[in-house]
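Step one of this worksheet: look at the structure below.
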2 protein chains.
Amino acid sequence: MKQAAPASDDGLKLSAWLPYRLFLVAAQVARPLESFYSETFGLSQAGWRILAVIAERDAANASEIGRACALDPFAVSRGIGQLADLGFAVRRPGKTDRRFAAVSITRSGRTAFNRIAGLGGAIEARLLARLSESERNTLDSALTRLEGESARIDAVGWRALLDDAGTP
Amino acid sequence: MKQAAPASDDGLKLSAWLPYRLFLVAAQVARPLESFYSETFGLSQAGWRILAVIAERDAANASEIGRACALDPFAVSRGIGQLADLGFAVRRPGKTDRRFAAVSITRSGRTAFNRIAGLGGAIEARLLARLSESERNTLDSALTRLEGESARIDAVGWRALLDDAGTP
DNA sequence: CACAATACTTGCACTTTGCAAGTATATGTG
DNA sequence: CACATATACTTGCAAAGTGCAAGTATTGTG
């Protein structure tokens, strides 16, 4: 917990606030990758995320994809539509239950994925190069817990968060 | 018949890819805060960022604000306009050079800021509660270096990144 | 004083997003 | 077996956000 610093404000300094710092790194690192896949393949961010999911998980349905890359059903539907238009994915009705579509990556989809993943890997490597071995391990395990906690924070909503803050 | 062929991919697993993990935490944590300030005050994300900047830095001009919260001049101008409409900020022409506007937070702007910052602090506290003291220190120093490296990554663009990847 | 430079600001086209309503399929229920 | 209900998307459209060209106001320069 923090101490309130100057007279009248609650002492939240944007540049030192953990969520903003995480956002900044994520946003700055996402921009070059995003211009790459959007200029090169005409992919949207949702399209790229879905491509990455179906690259490692064949014949996924829309809800699985949404869960795996944190997209709502609308975005997933549109993203799959985009990938299908580009020839990077195909959707077939599911074998047993035809309400579920089975989405699979195509050969050219995988080629595109590999090119984007190459750049993604290079970016990650540059970031990791700035950290020591032990820092990487700490960051890895810390991020795992932060992922869990942020999911809970998201799930409970701001009303509950303010209540908790009032009764510590 | 098609086979899932993970043999041929570059092994970038979205859920283990550092930039995605940072993005996920940042996005999940930003959502409740965003719905709070947008429902309660009608603030946009840019509006909130600018409010946070002028809460700690009085009479800033638009470029300073943009630099402090990573917004382009258009977004800053519109955000300030929104804050002015809401009565959370005022802009006056600068004392010496009247091209520069001096943006200041109003009393009601500070009240709003304090309410949002309260929730922001509660969110950060929940995240930090998941980490040990030494993890917080490691995360803090690691993030500082990641901020620097991500700014460089953003600055050089994807062409340079791919060249580097080819010639290590 | 003409002209360029700076610091925003606005208008407008274009894109993205959120959500209501729609389609197709499956699963009870009387 | 008809019919209501539920599930899994999908589409249409309006609202919101974004990007950029052009505009305004002000200051520096030859």
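Naming convention: chains lettered A, B, ... in sequence-line order (proteins, then strands); numbering from 1 in each chain. Below, all heavy atoms of this structure are taken into account, side chains as well, without hydrogens, waters or symmetry copies.
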| said: Given 3.5 Å as the limit, does a donor-acceptor pair link the side chain of Glu124(B) with the main chain of Gly121(B), or not? | reply: no
| request: Would you kindly give the CG-to-P distance between Asp97(A) and dG28(C), to the nearest whole Å? | output: 12 Å
| request: State, without any angle test, whether Gln82(A) and Arg78(A) hold a side-chain donor-acceptor pair at a distance under 3.5 Å. | output: no
| task | Could you check whether Thr96(A) gets within reach of a base, just the sugar-phosphate, or nothing at all, counting any heavy atom under 4.0 Å? | result | sugar-phosphate
| said: At less than 4.0 Å, is any side-chain N or O atom of Arg98(A) found next to OP1 or OP2 of dC9(D)? Yes or no. | reply: no
| query | Between Asn61(B) and dC8(C), does any side-chain N or O lie under 4.0 Å from OP1 or OP2? | reply | yes
| For the helix from dC1(C)-dG30(D) to dG30(C)-dC1(D), what angle lies between the axis at the first five pairs and the axis at the last five pairs, to 10 degrees? | 0°
| request: May I ask you to decide if Leu128(B)'s main-chain N or O and Arg136(B)'s side chain share a donor-acceptor pair within less than 3.5 Å? | output: yes
| message | What is the distance, to the nearest angstrom, from the CD atom on Glu64(A) to the P atom on dA8(D)? | response | 11 Å
| query | Which sits closer to the 5' end of DNA chain C, Arg99(A) or Ser77(B), going by the nucleotide each is nearest to? | reply | Ser77(B)
| query | Once you round to the nearest 0.5 Å, how far does CD of Glu56(A) lie from CG of Leu12(B)? | reply | 8.5 Å
Could you go over nucleotides 16-19 of chain D and give all protein N or O partners under 3.5 Å, atom names and distances?
from: dG19(D); atom 1: O6; to: Arg78(B); atom 2: NH1; distance (Å): 3.3
from: dG19(D); atom 1: O6; to: Arg78(B); atom 2: NH2; distance (Å): 2.9

| Rounding to a whole Å, what distance do you find between Arg91(A):CZ and dT25(C):P? | 14 Å
| Test: Arg130(A) and Glu135(A) ion pair at under 4.0 Å | no
| task | Take atom NZ of Lys95(A) and atom C1' of dA8(D), then tell me their distance rounded to the nearest Å. | result | 19 Å
| If you look at every strand shown and take non-hydrogen atoms under 4.0 Å, does Ala101(A) touch a base, only sugar-phosphate, or nothing? | sugar-phosphate
| message | Looking at Arg31(B) and Glu34(B), is any side-chain nitrogen of the basic one under 4.0 Å from a carboxylate oxygen of the acidic one? | response | no
| query | Is there a donor in the side chain of Arg91(B) and an acceptor in the side chain of Ser104(B), or the other way round, less than 3.5 Å apart? | reply | no
| Side-chain donor or acceptor of Trp17(A) paired with backbone N/O of Gly120(B) under 3.5 Å | yes
| message | Rounded to whole Å, how long is the line connecting atom CD of Glu39(B) with atom C1' of dG18(C)? | response | 14 Å
| Using a distance-only test with no angle check, is there a side-chain donor-acceptor pair under 3.5 angstrom linking Arg21(A) and Thr144(B)? | yes
| remark: When rounded to whole Å, the CD1 to C1' distance for the pair Ile80(A) and dT11(D) reads 15 Å
